[in-house]
Amino acid sequence: MRRGHRPSQAAGGRIRFWGRHAVIAALANPEREVRKLWGTREAVDALAVQLPSILPVTFADVADLGRMVPSDAPHQGLVIEVDPLEDIWIGDLIEHGRDDRRPLVVLDQVTDPHNVGAVLRSAAAFNALGIVTQDRHAPPESGALARAASGALELVPWVRVVNLARALEEIAEATFWRVGLAGDGPVVIGEAFNEAKVALVLGAEGEGMRQNVKSHCDLIARLPISPRIESLNVSNAAAVALYAEANRGNR
């Protein structure tokens with residue numbers, strides 16, 4: 001039985017990914033259904049040992065591939081059509097990380113696919129348990145997001161929930177220490193951690209976290225950046241916070 005806060009329904013329809021990292025990662029993910037592949041003969045030949053024998057493959061030239069993806073998208077000679085990944089329940093994700101100390105990343109209304117993709121990439125780099133977003137205010141899976149994630153979309157579990165505040169309550173019940181990031185935080189990020197597992201909560205650029213989400217954090221922390229710059233891009237902030245969490249035992 002699936003446990004915990006119910007996710008919203010995954011978006012229907014197939015998606016096109018492009019670029020070597022996104023394509024290779026999708027092919028390697030047993031949870032991903034890859035339906036078709038188009039590629040130059042050189043690019044497909046380089047993947048020959050990784051291609052399932054039943055996968056339909058169509059050879060195409062660079063110009064034809066360019067017409068299948070957004071303008072100027074760096075397809076690197078490869079385009080695939082995939083099904084969206086199945087929903088993940090937050091209770092299942094928490095249970096999966098029950099016996100380790102991997103952090104969670106929670107994004108409040110971060111809607112830019114490039115930012116979410118970059119956060120996924122940092123989450124993979126620092127071995128995060130997963131990311132959590134509110135479904136209605138987060139981008140769907142897309143080629144642009146998969147490209148920005150550089151393969152991490154297939155590696156890092158992504159939970160989409162209906163109500164982020166309720167999800168944060170469930171995260172707290174699982175003994176995570178919820179650290180929100182904001183420029184007015186009373187402590188710097190390196191001082192925000194204790195012995196508990198950590199959930200890092202970040203808001204959208206400009207607006208930041210909504211007040212209801214902020215009130216569901218145990219502590220608000222700031223990044224120790226120069227006063228010459230007001231803030232960091234949310235994906236850069238996530239990378240810094242994940243690095244700080246990964247190195248908290250070294251202080």
Going by the rule side-chain contact (heavy atoms from CB on, under 4.5 Å), which residues pair with Ile225 if we only count those two or more places apart in sequence or in a different chain?
Leu223, Ile229, Leu232
In short, side chain to side chain donor-acceptor pair (under 3.5 Å) pairs touching residues 35-47 with sequence neighbours left out are Arg35-Asp83
Closest contact, heavy atoms only, Phe126 versus Ala239
CE1-O, 3.9 Å
Rounded distance (nearest 0.5 Å) linking atom CD1 of Ile88 with atom CD of Glu31
8.5 Å
Are Leu51 and Leu65 connected, step by step, through hydrophobic side chains (Ile, Leu, Val, Met, Phe, Trp, Tyr) whose heavy atoms are closer than 4.5 Å?
no
Same apolar cluster (I L V M F W Y, side chains within < 4.5 Å links), Val79/Leu47:
no
Just to verify, what does Arg98 make a salt bridge (charged side-chain N to carboxylate O under 4.0 Å, His left out) with, not counting sequence neighbours?
Glu95
Where at least one partner belongs to residues 63-80, residue pairs that pass side chain to side chain donor-acceptor pair (under 3.5 Å), sequence neighbours excluded
Asp64-Arg67, Gln76-Arg147
Would the number of heavy atoms belonging to other residues, nucleotides or ligands and lying under 6.0 Å from NE2 of His96 be above 12?
no
In this structure, CG of Asn163 is separated from CZ of Arg136 (nearest 0.5 Å) by 9.0 Å
Side-chain atoms of residues 177-190: list all donor-acceptor pairs with protein atoms under 3.5 Å, sequence neighbours left out, distances to 0.1 Å.
from, atom 1, to, atom 2, distance (Å)
Trp177, NE1, Ala192, O, 2.8
Arg178, NE, His216, O, 2.9
Arg178, NE, Asp218, OD2, 3.1
Arg178, NH1, Leu168, O, 3.3
Arg178, NH1, His216, O, 2.8
Arg178, NH2, His216, O, 3.4
Arg178, NH2, Asp218, OD1, 3.1

Rest of the hydrophobic cluster containing Val62 (Ile/Leu/Val/Met/Phe/Trp/Tyr, side-chain heavy atoms under 4.5 Å)?
none
Are Val23 and Val156 connected in the hydrophobic side-chain network, where two residues link if heavy atoms are under 4.5 Å apart?
yes
Please list, chain by chain and in numerical order, all residues satisfying side chain to side chain donor-acceptor pair (under 3.5 Å) with Thr175, sequence neighbours excluded.
none
Please report the interatomic distance CE(Met68) to CH2(Trp18), rounded to the nearest 0.5 Å.
11.0 Å
Might you point out which heavy atoms bring Ala241 and Phe193 nearest each other, and give the distance in Å?
O-CZ, 4.4 Å
List for me each residue that meets side chain to side chain donor-acceptor pair (under 3.5 Å) alongside Ser122, sequence neighbours excluded, and say none if there are none.
none
Salt-bridge present (Arg166, Glu169; N to O < 4.0 Å):
no
Could I get the full list of side-chain contact (heavy atoms from CB on, under 4.5 Å) partners for Ser142, not counting sequence neighbours?
Pro113, Ala144, Leu145
Can you name the nearest heavy-atom pair linking Ala149 to Leu153, along with the distance?
CB-N, 3.7 Å
Short side-chain to backbone donor-acceptor contact, Gln50 and Ile24, under 3.5 Å
no
For Tyr243, does the OH atom sit with more than 12 other heavy atoms under 6.0 Å from it, leaving out its own atoms?
no
Audit row: Val159, Leu104, side-chain contact (heavy atoms from CB on, under 4.5 Å) steps and yes/no
CA-CA 11 Å; Val159 175; Leu104 277 171; over 6 Å; no
At what distance, to the nearest 0.5 angstrom, does CG of Leu85 lie from CG of Asp87?
10.0 Å
Hydrophobic clusters here meaning ILVMFWY residues chained together by side-chain heavy-atom distances under 4.5 Å, can you tell me if Met209 and Phe176 are in one?
yes
In short, Ala46 meets Arg20 closest at the heavy-atom pair CB-NH1, 4.3 Å
Any donor and acceptor pair, going by atom type alone, linking the side chain of Arg210 with main-chain N or O of Gln109 inside 3.5 Å?
no
Criterion side chain to side chain contact (heavy atoms under 4.5 Å, CB included) against Leu164, the qualifying member of Leu107, Val213, Asp135:
Val213
Would you check, one step at a time, whether the test side-chain contact (heavy atoms from CB on, under 4.5 Å) holds for Ile90 with Ile94?
CA-CA 6 Å; Ile90 193 167; Ile94 289 170; 4.0 Å; yes
Among residues two or more places apart or on two chains, list those pairs meeting salt bridge (charged side-chain N to carboxylate O under 4.0 Å, His left out) that have a residue in residues 115-130.
none
Do side-chain atoms of Glu81 reach the backbone of Arg16 as a donor and acceptor pair under 3.5 angstrom?
no
Using side-chain contact (heavy atoms from CB on, under 4.5 Å) as the criterion, list what pairs up with Asn115, not counting sequence neighbours.
Val110, Asp112, Glu205, Asn233, Val234, Ser235
Taking all non-hydrogen atoms of both residues into account, name the closest pair between Leu155 and Gly151 and its distance.
CG-O, 3.6 Å
Of all heavy-atom pairs between Leu120 and Ala152, which one has the smallest distance, and what is that distance?
O-CB, 3.4 Å
Taking side chain to side chain donor-acceptor pair (under 3.5 Å) as the definition, give me every residue that meets it alongside Glu33, ordered by chain and number, with sequence neighbours left out.
none
For the hydrophobic clusters of this structure (ILVMFWY residues joined by side-chain heavy atoms under 4.5 Å, transitively), does one cluster hold both Phe17 and Val69?
no
Between Pro84 and Ile15, is there a side-chain heavy-atom distance shorter than 4.5 Å?
yes
